[in-house]
Protein chains: 2
Amino acid sequence: MGRKRTKSGKIRLAEVAELAGVSPITASRFFRNPEALSVAKRTRVESAARELGYVPNLAARALASQRTEVIGVLIPSLTNNVFSDVLRGIYDASEGSRYSIQLSNTRYSILQEEKLLRLFLAQKPAGLIVTGIDQTAESRAMLEAADCPIVQIMEIGPSPVDMMIGFSHYDAARAAITHLFAQGHRRIGFVGARMDPRVQRRLDGYVSAMKDAGLFEQRLVVTTATPTSVTLGGALFADLLAREPDIDAVFCANDDLALGVLFECRRREIAVPEQIAIVGFNDLEFMASAVPTLTSVRTNRYEMGNTAATMLIEAIDGRRPEQPVLDLGFKVIERQSSSSRHQDNRLAASGGGAANKMVALPSSHD
Amino acid sequence: MGRKRTKSGKIRLAEVAELAGVSPITASRFFRNPEALSVAKRTRVESAARELGYVPNLAARALASQRTEVIGVLIPSLTNNVFSDVLRGIYDASEGSRYSIQLSNTRYSILQEEKLLRLFLAQKPAGLIVTGIDQTAESRAMLEAADCPIVQIMEIGPSPVDMMIGFSHYDAARAAITHLFAQGHRRIGFVGARMDPRVQRRLDGYVSAMKDAGLFEQRLVVTTATPTSVTLGGALFADLLAREPDIDAVFCANDDLALGVLFECRRREIAVPEQIAIVGFNDLEFMASAVPTLTSVRTNRYEMGNTAATMLIEAIDGRRPEQPVLDLGFKVIERQSSSSRHQDNRLAASGGGAANKMVALPSSHD
DNA sequence: AGGATCGTTGACAGCGCTACCAGCACAGAC
DNA sequence: GTCTGTGCTGGTAGCGCTGTCAACGATCCT
């Protein structure tokens with residue numbers, strides 16, 4: 001290591017080839033398809049490259065080959081914990097592969113998404129990961145015309161552009177409400193923020209489950225376009241309570257809101273779950289640790305990102321998955337905050353994650 | 001829009017030049033330095049480019065110009081809330097500039113960092129943002145030899161490679177302990193996880209403050225190399241209590257741990273702050289919303305990322321900042337969890353963020 | 001033995017853009 | 001009128017790599 005380079009620090013493929021005693025094109029092949037070389041040349045090129053500390057010039061490669069080894073990723077937010085898990089999965093899958101990740105943030109704007117898509121596509125990415133299924137018509141057309149594999153993540157729906165991996169937010173919300181019904185709750189409020197398409201579909205699931213039971217009332221729903229936060233959860237819940245003091249449960253569109261609701265209950269000395277049950281969404285780590293432990297709908301975020309990137313890379317390399325649309329499902333993780341069997345959370349054991357009851361469901365469309 | 005392209009979707013600069021009736025090189029200049037063109041040609045090229053929907057081929061540009069418009073960013077973790085705020089700042093600053101962000105994750109390994117650095121540098125990035133000041137000697141040498149501006153973020157220390165923006169974790173921890181002393185606490189425990197260099201320096205600050213007061217005992221310190229989590233905060237605190245039941249305060253190396261400690265106190269019916277005070281670090285959003293509200297040391301994470309990227313871009317464009325090392329400082333945000341004036345948190349008003357008392361300090365080295 | 005096939009290698013010609021330098025017109029100085 | 005400088009423009013020559021195709025010897029088949 002630390003071997004000094006020739007002037008201006010650039011070792012070209014030609015130098016490696018010369019040292020190895022092969023032609024540049026043979027050296028080039030070594031880096032792209034080592035199997036194509038004889039063992040002798042392979043080792044010669046390998047040691048020459050190592051000795052010189054050769055690193056390929058990606059710009060030249062991209063120019064010559066008319067394609068890049070960049071996977072474009074479009075997500076709506078960097079702040080949201082949900083996406084950091086997904087991203088981690090994507091980055092983990094990309095490591096070890098020869099592809100690098102180019103990330104951009106749409107800020108929940110499909111117009112911004114369209115603009116970024118245009119930019120990405122112009123650089124001929126090897127593949128693309130986009131969030132959700134609600135693109136503009138123009139974006140949709142660009143994606144369909146793109147000559148690279150594409151994975152839509154976070155949800156599943158009809159007519160994928162190419163590949164798709166996620167779960168049904170609608171079904172997941174219905175499952176959460178069904179769980180609350182099973183625990184004997186009837187007047188169930190909905191608290192939601194940001195109201196992006198996925199949160200909207202959770203709301204739809206809530207509404208349909210409530211309507212099916214003849215329990216839906218518009219007054220039970222409190223939402224805002226404001227980005228989500230714990231504090232906001234408390235505030236929205238306060239609004240809900242002011243409007244409907246007799247609710248017996250709250251379904252929160254995400255876990256931050258649920259934590260805010262829990263704190264607000266504590267502030268108001270409302271017993272959870274005795275007076276009000278709480279169910280969150282995503283099952284972030286802290287849900288199992290709260291007091292009382294908080295029920296949530298577990299979503300496989302890391303796995304979603306990881307599988308999406310893995311599928312994409314396979315597809316780029318010409319091995320299309322036999323299953324282009326993958327439903328990762330969800331699980332209702334029942335904890336103290338919604339358990340009618342729960343008597344005294346104050347004496348509950350530390351951690352609380354030991355005896356989680358899980359209700360696993362693959363999501364399904366209707 | 002949606003104008004169709006010529007075959008294979010590629011519009012080259014030459015086509016734009018032809019339509020505009022200028023030479024390719026003139027068209028090229030339009031995109032790099034419009035001022036150098038006469039107004040007439042400028043408008044001609046502009047409308048030609050728009051009409052054809054021209055998007056530059058970045059690979060060709062990079063190859064020809066021997067430099068990229070990529071800013072490399074090396075951070076230790078994608079999961080950590082702290083870094084998602086920093087990243088958001090970086091991405092926000094890069095938007096609107098012509099630079100794009102290339103992100104990589106060192107997973108808290110300086111060896112991995114060195115490897116990534118080598119990779120990044122080989123592609124001649126326009127600039128580099130690296131986390132912290134604890135690089136390997138080899139990394140350090142590479143950074144110093146790099147012919148692009150570099151910003152080290154998250155902390156400040158002696159001998160910056162180039163630019164530096166952050167704050168003193170040591171001083172911030174000392175300030176937190178000083179605050180606890182002022183509230184009358186004496187037996188103050190330390191809870192830390194992951195123990196990366198910055199957490200280590202917070203521990204150092206804690207130790208020095210405690211020693212200065214003649215109160216330090218090794219038994220008050222509980223740490224682990226395990227990545228941080230809320231649950232872990234509870235577990236570490238349980239260890240600490242088992243060892244030292246008579247502590248009257250806990251300083252947590254981050255807010256997740258602090259939340260875990262709060263939940264564990266609730267589980268054990270330990271009154272906060274009456275029996276045990278809690279102070280966290282970073283001041284994540286939920287700290288102001290917890291019950292009781294949680295004291296923390298506010299760090300300017302978004303601003304750190306944003307300013308770092310802004311400074312870097314300025315430096316790339318040849319305008320080096322007059323202030324290459326920037327201390328963003330910190331603030332101890334005093335809340336109920338460590339306030340001796342706090343009597344009954346159960347009746348405290350919603351949100352609790354209204355009357356935060358702030359103790360602002362620029363960090364300083366000694 | 002002759003032909004076909006395979007595995008391996010190399011020559012050539014760009015990919016689309018920009019660095020460099022030269023050239024031109026025009027203005028001002030002498 | 002010539003010279004110099006300035007502002008703008010264009011020609012030439014690559015940047016470092018890979019796609020394509022051709023060539024070669026070795027192997028296999030009939």
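Within every chain, numbering begins at 1; the chains are lettered A, B, ... in the order of the sequence lines, protein sequences first and strands thereafter. Note: hydrogens, waters and symmetry copies are ignored here, and every other heavy atom, side chains too, is used.
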Of residues 33-45 of chain B, the positions that come close to DNA chain D - non-hydrogen atoms, cut-off under 4.0 Å: B/Ala36, B/Leu37, B/Ser38, B/Lys41
With sequence neighbours left out, the residues meeting salt bridge (charged side-chain N to carboxylate O under 4.0 Å, His left out) with A/Glu35 are none
Taking only residues two or more places apart in sequence or in another chain, which ones pass salt bridge (charged side-chain N to carboxylate O under 4.0 Å, His left out) with B/Glu113? none
Summary of ring pair (Phe, Tyr, Trp, His ring centres under 6.0 Å) pairs that have at least one residue in residues 119-156 of chain B, sequence neighbours excluded: none
Please, which pairs that meet ring pair (Phe, Tyr, Trp, His ring centres under 6.0 Å) have at least one residue in residues 59-80 of chain A, sequence neighbours excluded? none
The helix from C/dA1-D/dT30 to C/dC30-D/dG1: angle between end helix axes, five pairs per end, rounded to 10 degrees: 30°
Residue set satisfying side chain to side chain contact (heavy atoms under 4.5 Å, CB included) with B/Arg140, at least two apart, ordered chain then number -> B/Glu144, B/Gln152, B/Ser159, B/Val161
Any chance you could lay out the side-chain hydrogen bond (donor to acceptor under 3.5 Å, both in side chains) test for B/Arg42 and B/Ser38, step after step, and finish with the verdict? CA-CA 6 Å; B/Arg42 200 185 308 171; B/Ser38 62; over 6 Å; no
For residues 125-137 of chain B, which residue pairs pass the salt bridge (charged side-chain N to carboxylate O under 4.0 Å, His left out) check, not counting sequence neighbours? B/Asp134-B/Arg201
Just checking, any donor-acceptor pair under 3.5 angstrom between side chains of A/Arg88 and A/Ser84? no
Can you pull the contact range of chain A along DNA chain C, 5' to 3', using atoms under 4.0 angstrom from its heavy atoms? C/dT8 to C/dG16
Does B/Thr26 place a side-chain N or O at less than 4.0 Å from the phosphate oxygens OP1/OP2 of D/dG10? yes
Could you go through residues 305-312 of chain B and list every donor-acceptor pair under 3.5 Å that involves a side-chain atom there, pairing it with any protein atom two or more places apart or in another chain?
| from | atom 1 | to | atom 2 | distance (Å) |
| --- | --- | --- | --- | --- |
| B/Asn306 | ND2 | B/Gly89 | O | 2.8 |
| B/Thr307 | OG1 | B/Glu303 | O | 2.6 |
| B/Thr310 | OG1 | B/Asn306 | O | 2.7 |

Sequence neighbours left out, what passes ring-ring contact (aromatic ring centres under 6.0 Å, His included) with A/Tyr54? Give chain and number order. A/Phe31
Side-chain heavy atoms of A/Val16 within contact of A/Phe30, under 4.5 Å: no
Report, one pair per line, the protein and nucleotides 16-19 of chain D atoms (nitrogen or oxygen only) whose separation is under 3.5 Å.
| from | atom 1 | to | atom 2 | distance (Å) |
| --- | --- | --- | --- | --- |
| D/dG16 | N2 | A/Ala60 | O | 3.3 |
| D/dC17 | OP1 | A/Tyr54 | OH | 2.4 |
| D/dC17 | OP1 | A/Asn57 | N | 3.4 |
| D/dC17 | OP2 | A/Leu13 | N | 2.5 |
| D/dT18 | OP1 | A/Arg61 | NE | 2.8 |
| D/dT18 | OP2 | A/Ser28 | OG | 2.3 |
| D/dG19 | OP1 | A/Arg67 | NH2 | 3.2 |
| D/dG19 | OP2 | A/Arg32 | NH1 | 2.3 |

Let's go through B/Ser77 and B/Arg107 carefully: what are the C-alpha distance in whole Å and the side-chain angles of both, what is the deciding distance for side chain to side chain contact (heavy atoms under 4.5 Å, CB included) to 0.1 Å, and is it a yes or a no? CA-CA 5 Å; B/Ser77 161; B/Arg107 297 156 185 277; over 6 Å; no
